[in-house]
Amino acid sequence: MLPNKALFTAIIALFTLAVSAFARAEKIQVPETVMLKPGSFLYRKSGEFLKAGYPVNAPQIEVTFSRPIEMMKFQVGAGDYEKCVSEAACQDRVRQGYQNENMPVTGVSYLDATAYAKWLSMKTGAGWRLPTDEEWAFAAGSRYIDDIINVEFDRDDPAARWLAKYKKYADLETGADPLIKPAGSYGVNENGLYDMSGNIWEWTDSCYVRTSLNLEGIPIGTNDNCGVRVAAGQHRSYMSLFVQDAKGGGCSIGTPPDYLGFRLVKEEQPNLISRFLKSFGF
């Protein structure tokens, strides 16, 4: 018995889609990735914590990843990003000094990074996305820098904590070497990832969250602002999602990053046949 017309048409469309996806995938080299093994680590929560209205350090918690995380070995390159721009799938970036195609891309917003992830997913047939702040911190390993400020808020000297935070962030930055460098210039960490916590901060998918605590330190309310995202690097920064050049403004809290770039996490997507069968309830 021949399949009905609708099913036959769907099969032809699926075959055409598969051929098209294969052709697209051959036009771009799949980025190198590193597979991070499942594990646990101590993580200081991102965002702002206010105790009785005054800033305090975020709590440190244990985070466990029960599944491997596959992440790009290097930050997305300028040349790779330009391919996305040439196909009108990404917006042009802000040009920042000399960069050849082998250097990491900078001058990109959160919106640009997610557009690139969508384009790369279409090109390769795999699912690509920005990491969460927790995933980025786990991947950074020893390159991750705890943003604890060892100065309690003093009502009689409210600027003391702010100045301590500013000094810590300023001391961490690479102000003596502000040039954008070729990929790999900041070395590799114990997880096989290059250039973590260099002078290019990396967009994450985590939203900025403000948490209110009572006098006992118990959370009594949160306010999520997903118009601001966490950029991870030598310290956390909270950036408006449309900002491409942090030095030009848009840093919601703290010292702005030198440059904004990104790397992506890879997630395998169901193959075309599986998706086709699922659409029919199998």
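None of the values given here were measured: they were computed from a predicted structure.
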Examine distances only and state if a side-chain atom of [X] and a backbone atom of [Y] form a donor-acceptor pair shorter than 3.5 Å.
X      : Y      : value
Ser197 : Arg143 : yes
Asp80  : Lys83  : no
Asp195 : Gly184 : yes
Asn191 : Leu193 : no
Arg263 : Val76  : no
Arg93  : Val108 : no
Ser240 : Val243 : no
Glu190 : Ser142 : yes
Asn199 : Asp258 : no
Gln96  : Gly107 : yes

Rounded to the nearest 0.5 Å, what separates atom [atom1] in [X] from atom [atom2] in [Y]?
X      : Y      : atom1 : atom2 : answer
Ser206 : Tyr238 : OG    : OH    : 9.5 Å
Met239 : Trp203 : CE    : CH2   : 5.5 Å
Glu62  : Phe41  : CD    : CZ    : 10.0 Å

Quick check on Gln60: does its CD atom have over 12 non-hydrogen neighbours (other residues, nucleotides or ligands) under 6.0 Å away? yes

Taking atom CD as the centre, does Gln91 end up with more than 12 heavy-atom neighbours from other residues, nucleotides or ligands that are less than 6.0 angstrom away?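 No, CD of Gln91 has 12 or fewer neighbouring heavy atoms, counting only those of other groups under 6.0 Å.
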
Salt bridge between Glu32 and Lys266, side-chain N to carboxylate O under 4.0 Å?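 Answer for the salt bridge query: no.
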
Is it the case that Trp136 and Thr132 place a side-chain donor and acceptor less than 3.5 Å from each other? no

Is there a donor-acceptor contact under 3.5 Å linking the side chains of Thr33 and Glu70? yes

For the pair Tyr43 and Asp133, evaluate side chain to side chain contact (heavy atoms under 4.5 Å, CB included) and give the outcome as yes or no after the intermediate values. CA-CA 10 Å; Tyr43 168 75; Asp133 183 62; 2.6 Å; yes

Taking the side chain as C-beta and beyond, is there a heavy-atom pair between [X] and [Y] under 4.5 Å?
X      : Y      : answer
Ser212 : Pro219 : no
Leu130 : Val265 : no
Asp92  : Glu82  : yes
Leu213 : Thr211 : yes
Glu267 : Trp128 : no
Pro257 : Ser237 : yes

Same cluster or not: are Val34 and Val30 linked, directly or through other Ile, Leu, Val, Met, Phe, Trp or Tyr residues, by side-chain heavy atoms under 4.5 angstrom apart?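 Different hydrophobic clusters.
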
Test log, rule salt bridge (Lys or Arg N to Asp or Glu O under 4.0 Å), inputs Glu135 and Arg129: CA-CA 12 Å; Glu135 289 172 331; Arg129 61 171 176 82; 2.8 Å; yes

For residues [X] and [Y], report the shortest heavy-atom separation together with the two atoms involved.
X      : Y      : answer
Ala232 : Thr204 : CB-CG2, 4.1 Å
Arg236 : Tyr144 : NH2-OH, 3.1 Å
Cys226 : Leu241 : O-CD2, 3.3 Å
Met35  : Pro68  : SD-CB, 3.6 Å
Asp205 : Arg229 : O-NH1, 2.7 Å

Report yes or no: is the cationic atom of Lys73 (NZ for Lys, CZ for Arg) under 6.0 Å from the centre of the six-membered ring of Tyr194, at an angle within 45° of the ring normal?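 Here Lys73 fails the 6.0 Å and 45° test against Tyr194.
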
Examine Lys247 relative to Tyr259 and say whether NZ or CZ is less than 6.0 Å from the centre of the six-membered ring and inside a 45° cone about the ring axis.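 Judged by the rule, Lys247 and Tyr259 form a cation-pi pair.
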
Take Glu87 and Lys123 through the salt bridge (Lys or Arg N to Asp or Glu O under 4.0 Å) test and state the conclusion after the steps. CA-CA 11 Å; Glu87 295 187 13; Lys123 284 288 184 180; 3.0 Å; yes

